[in-house]
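Convention: sequence-line order gives letters A, B, ...; per-chain numbering from 1.
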Amino acid sequence: GAGVSQSPSNKVTEKGKDVELRCDPISGHTALYWYRQSLGQGLEFLIYFQGNSAPDKSGLPSDRFSAERTGGSVSTLTIQRTQQEDSAVYLCASSSRDRGFRSNQPQHFGDGTRLSIL
Amino acid sequence: KNQVEQSPQSLIILEGKNCTLQCNYTVSPFSNLRWYKQDTGRGPVSLTIMTFSENTKSNGRYTATLDADTKQSSLHITASQLSDSASYICVVSGDRNNDMRFGAGTRLTVKP
């Protein structure tokens, strides 16, 4: 499809396991963002990729969280040694400009991965 | 303290009625303000993006206003429809790449 695609849509795993979440941005979009949305909470910025520049990792909550973006397209968010507080919806967004949050281009969101840690 | 405050937290209106959602922010300096609609179980969808120099912007039945002096924005929904039931999120960006503040959203329910 033409939108941002995220997989899996749902993930249930045991505490302590590692998980990988995938994001396929809109083709040609150079900026990619990861967010976390906990139940009843606002979105929380995690990490931002812009073109070939070093990613902005300032929102990652701990060193258990990491993300990469291969070939300027698909991105993977990895959470190691998951904890129950990691349970949330993880949203990915892409946009067509590299000016990041200052850009006036809209961010296009995927429908997220709902992660549940038992 | 969150730098973007939205009110009300939740709102119930009858189909066909108008409503106004509020967003107050303290983010400074300011780059742009966005309103998103998020249906349950879906990702947010952009409604409007406003810069410092814009004080009103419409998208169909949605009209956003911005007063950069008082740091207030509103989203007005005209002739509400059942499909307007969603969370509406206000997002304010500063002028640095990692400066983006999200409101907690207003949960709107439109009843027949």
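Here the closest non-hydrogen pair linking A:Pro106 and B:Arg34 is CA-NH1, 3.9 Å.
Proximity to chain B (any heavy atom under 4.5 Å) is shown, for A:Gln6, by neither the backbone nor the side chain. Contacts of A:Leu91 with chain B are made by side-chain atoms alone, with heavy-atom separations under 4.5 Å and no backbone atom involved.
Once rounded to the nearest 0.5 Å, the distance linking CD of B:Gln38 with CG of A:Asp111 reads 9.0 Å.
Following chains of ILVMFWY side-chain contacts shorter than 4.5 Å, one cannot reach B:Val110 starting from B:Ile12, and the two form parts of different hydrophobic clusters. In the hydrophobic cluster analysis, where Ile, Leu, Val, Met, Phe, Trp and Tyr join through side-chain heavy atoms closer than 4.5 angstrom, A:Val4 is grouped apart from A:Phe109. Follow the hydrophobic side-chain contacts under 4.5 Å out from B:Tyr62 and you reach B:Leu108 in the same cluster. The same ILVMFWY cluster, assembled from side-chain heavy atoms under 4.5 Å apart, contains both A:Phe65 and A:Leu115.
Here B:Pro44 is the residue among B:Gly105, B:Gly41, B:Pro44 with the most heavy-atom pairs under 4.5 Å with chain A.
Chaining together hydrophobic side chains whose heavy atoms lie under 4.5 Å apart places A:Leu118 alongside A:Val12.
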